[in-house]
Amino acid sequence: MKEQAKYIEEHKDRFLEELKDLLRIPSISADSKYKEDVMKTAEAVGKSLKEAGADKVEICPTPGYPIVYAEKMISADLPTVLVYGHYDVQPPDPLNLWKSGPFEPVIKETETHPKGAIFARGACDDKGQMFMHVKAFEVMNKTNTLACNVKFMIEGEEEVGSANLGWFVERNKEKLDSDVILISDTGILANDTPSITTGLRGLSYVEVKVTGPNRDLHSGLYGGAVANPINILTRMIASLHDENNHITIPGFYDDVDELSDEERAEMAKAPFNLERYKKALDIKDVWGEKGYATMERNSIRPTLDVNGIWGGYTGEGAKTVIASEAFAKISMRLVPHQEPEKITQLFKKHLESIAPEAVTVEVTPHHGGDPYVSPTDSAGYQAASKAMEKTFGKKPVPVRSGGSIPIVALFERELGVKSILMGFGLDSDAIHSPNEHFGLFNFYKGIETIPLFHKYFAEFK
Ligand code: BES
Ligand code: MN
Ligand code: MN
């Protein structure tokens with residue numbers, strides 16, 4: 001594909017400038033202050049798809065943020081690739097830990113990215129990765145090398161649980177008719193170790209509120225005689241893991257798909273360096289469920305983690321007080337075949353059962369999502385594997401990821417179409433953290449690899 005390489009070479013600087021423009025808009029879906037910016041980003045994505053050569057571009061309204069739909073249908077005889085991605089981003093906080101503004105993209109060299117990386121919120125998750133598809137589409141268009149029909153569905157609520165994407169999918173099954181869904185919203189093991197994600201964890205996310213006395217109390221006058229909601233909450237949370245770091249909620253593991261020894265041995269072959277892992281995080285040791293390796297703990301095993309906890313006095317100095325209320329946000333990452341609703345109910349029931357009479361416990365479910373696993377013998381996986389092998393010079397390894405993209409299971413259920421998770425980010429790219437970045441090597445590698453996916457998919461299908 002010489003003409004594609006030539007086109008990329010001639011336009012690569014512009015591609016990067018366009019990505020920077022997109023990264024400058026703070027499309028934070030979680031914060032309603034940014035509503036106009038999120039809407040503006042949808043428009044900008046639509047415009048870029050139009051300019052890249054889409055025949056039809058629609059900014060489809062939903063009860064929440066719009067979904068950008070675009071297509072170029074070249075022949076009814078060719079297969080259709082549906083690209084999914086998201087244009088919304090996580091809030092950038094804590095702002096003081098950013099070395100440059102989260103919405104002022106800059107290129108800097110790093111140890112892992114000697115050719116430079118673009119630093120900004122959304123650089124990797126997922127504007128940068130989604131934009132690779134827009135540019136790859138432009139490349140195929142302008143060089144007359146489109147091998148498949150192409151559709152795009154880019155949403156603006158992924159980071160807040162994709163509440164309206166299901167709504168959209170149910171109402172637009174025909175429009176979304178396709179042979180494969182292609183997603184770059186995951187990562188590879190390393191720049192010299194390509195991989196394809198074959199699994200995602202599911203999610204059950206809950207908020208807990210513990211209420212004690214009807215007002216904040218003097219901790220001297222009442223301390224020792226009244227249940228302190230923060231003490232009780234932390235004690236209950238601590239009891240949710242046993243000494244082997246096993247989760248203690250009755251029934252929690254009932255539906256967990258246990259891997260066979262062969263499957264685990266296969267997994268253990270993926271390159272992983274524990275010392276480097278610890279060093280990168282500045283930790284003396286790892287932590288997790290007894291009997292499982294680090295790479296198993298963060299992918300094929302379920303977890304329970306406190307994401308936030310608050311209550312009482314946290315301002316300057318000391319205030320002697322027993323707070324009336326305490327709160328925590330807790331996420332449980334799920335594996336096949338755990339069901340988010342069932343796990344949420346088990347959690348709620350268990351927490352209520354261990355709560356002492358002296359307090360009231362309320363559990364409020366937030367969003368959830370089903371886990372996903374995909375086979376490696378599908379035309380889509382084979383096309384992705386061959387495309388990456390060609391551009392990386394190495395056959396990619398299948399890897400199950402610990403992250404979640406809840407909508408992937410819904411696509412399969414509602415549309416009957418499999419998703420291929422061909423991402424190009426690195427775990428060290430700091431997604432959701434301060435100083436998120438995306439390697440320029442990775443950005444251009446994606447733009448180079450995606451057209452090959454289309455080519456091989458048309459051949460294998
Ligand atoms: N792109 C990520 C998920 C991801 C990243 C999967 C890297 C695998 C590897 C996605 O945007 C994300 O952050 N998902 C959320 C879930 C969502 C319901 C908020 C997550 O995993 O926490
Ligand atoms: Mn993402
Ligand atoms: Mn994310």
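What you see is a predicted model, and the numbers here were worked out from it, not measured in a lab. Order of listing sets the numbers, starting from 1, for every ligand and every atom in it.
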Participant: Measuring from atom 11 (O) of ligand 1, which candidate in E158, H432, H366 has the nearest non-hydrogen atom?
Facilitator: E158
Participant: Measure D185 to ligand 1 on non-hydrogen atoms and call it side chain, backbone, both or neither using the 4.0 Å cut-off.
Facilitator: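 Both backbone and side chain of D185 come within 4.0 Å of ligand 1.
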Participant: Answer yes or no: is there an ion pair linking K269 with E266, defined by an N-O contact shorter than 4.0 Å?
Facilitator: yes
Participant: Anything protein N/O/S under 2.8 Å from the Mn ion (ligand 3)? Just list residue and atom, please.
Facilitator: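 Those protein N, O or S atoms (cut-off: under 2.8 Å from the Mn ion (ligand 3)) are D125 OD2, E159 OE1, E159 OE2, H432 NE2.
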Participant: Does E389 come within less than 4.0 Å of K386, counting only side-chain N to carboxylate O?
Facilitator: no
Participant: Look only at interatomic distance and state if T186 has a nitrogen or oxygen under 3.5 Å from any nitrogen or oxygen of ligand 1.
Facilitator: no
Participant: Hey, would you say the F252 and H350 ring centroids sit under 6.0 Å apart?
Facilitator: no
Participant: Heavy-atom distance to atom 21 (O) of ligand 1: which of R333, Q90, R201 wins?
Facilitator: R333
Participant: P406: heavy atom below 4.0 Å from ligand 1, yes or no?
Facilitator: yes
Participant: If you count heavy atoms of other groups shown closer than 6.0 angstrom to CZ of R413, is the number above 12?
Facilitator: yes
Participant: Which pairs, with at least one residue in residues 176-207 and sequence neighbours excluded, count as a ring-ring contact (aromatic ring centres under 6.0 Å, His included)?
Facilitator: Y205-H366, Y205-H367
Participant: side-chain hydrogen bond (donor to acceptor under 3.5 Å, both in side chains) with Q90: which residues, sequence neighbours excluded?
Facilitator: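 For Q90 the side-chain hydrogen bond (donor to acceptor under 3.5 Å, both in side chains) partners, ignoring immediate neighbours, are E159.
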Participant: Under 6.0 Å from the NZ atom of K115, do we count more than 12 heavy atoms belonging to anything else shown?
Facilitator: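 No.
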Participant: Does F119 have K99 sitting over its ring (NZ/CZ under 6.0 Å from centre, angle to axis within 45°)?
Facilitator: no
Participant: Quick one: does S401 get an N or O within less than 3.5 Å of an N or O on ligand 1?
Facilitator: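 No, no N or O pair falls under 3.5 Å.
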Participant: Counting only heavy atoms closer than 4.0 Å, does ligand 1 sit against the backbone of I431, its side chain, both, or neither?
Facilitator: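 Only the side chain of I431 comes within reach of ligand 1.
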Participant: Taking N or O atoms only and a 3.5 Å limit, does H367 qualify as a polar contact for ligand 1?
Facilitator: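 Among all N and O atoms of H367, none is under 3.5 Å from an N or O of ligand 1.
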Participant: What residues, two or more places apart in sequence or in another chain, satisfy salt bridge (charged side-chain N to carboxylate O under 4.0 Å, His left out) together with E17?
Facilitator: K20
Participant: Which is it for S331 and ligand 1 at heavy atoms under 4.0 Å: side chain, backbone, both or neither?
Facilitator: neither
Participant: Distance to 0.1 Å, residue and atom name: give those for the protein heavy atom nearest to atom 14 (N) of ligand 1.
Facilitator: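 For atom 14 (N) of ligand 1, the nearest protein heavy atom is S404 O, 2.9 Å.
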Participant: Would you say that E18 contacts S48 through its side chain, given a criterion of any heavy-atom pair below 4.5 Å between the two side chains?
Facilitator: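 With C-beta onward as the side chain, the pair stays apart.
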Participant: Where the side chain of N172 meets the backbone of K175, is there a donor-acceptor pair that is under 3.5 Å apart?
Facilitator: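 No, N172 side chain to K175 backbone: no donor-acceptor pair under 3.5 Å.
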Participant: List every atom of ligand 1 that sits less than 4.0 Å from any heavy atom of H86, numbering the atoms from 1 in the order shown and giving each element.
Facilitator: 11 (O)
Participant: Between F152 and F137, is the ring centroid distance below 6.0 Å?
Facilitator: yes
Participant: Return the closest protein heavy atom for atom 6 (C) of ligand 1 as residue, atom name and distance.
Facilitator: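 Answer, as residue, atom name and distance: G403 CA, 3.7 Å.
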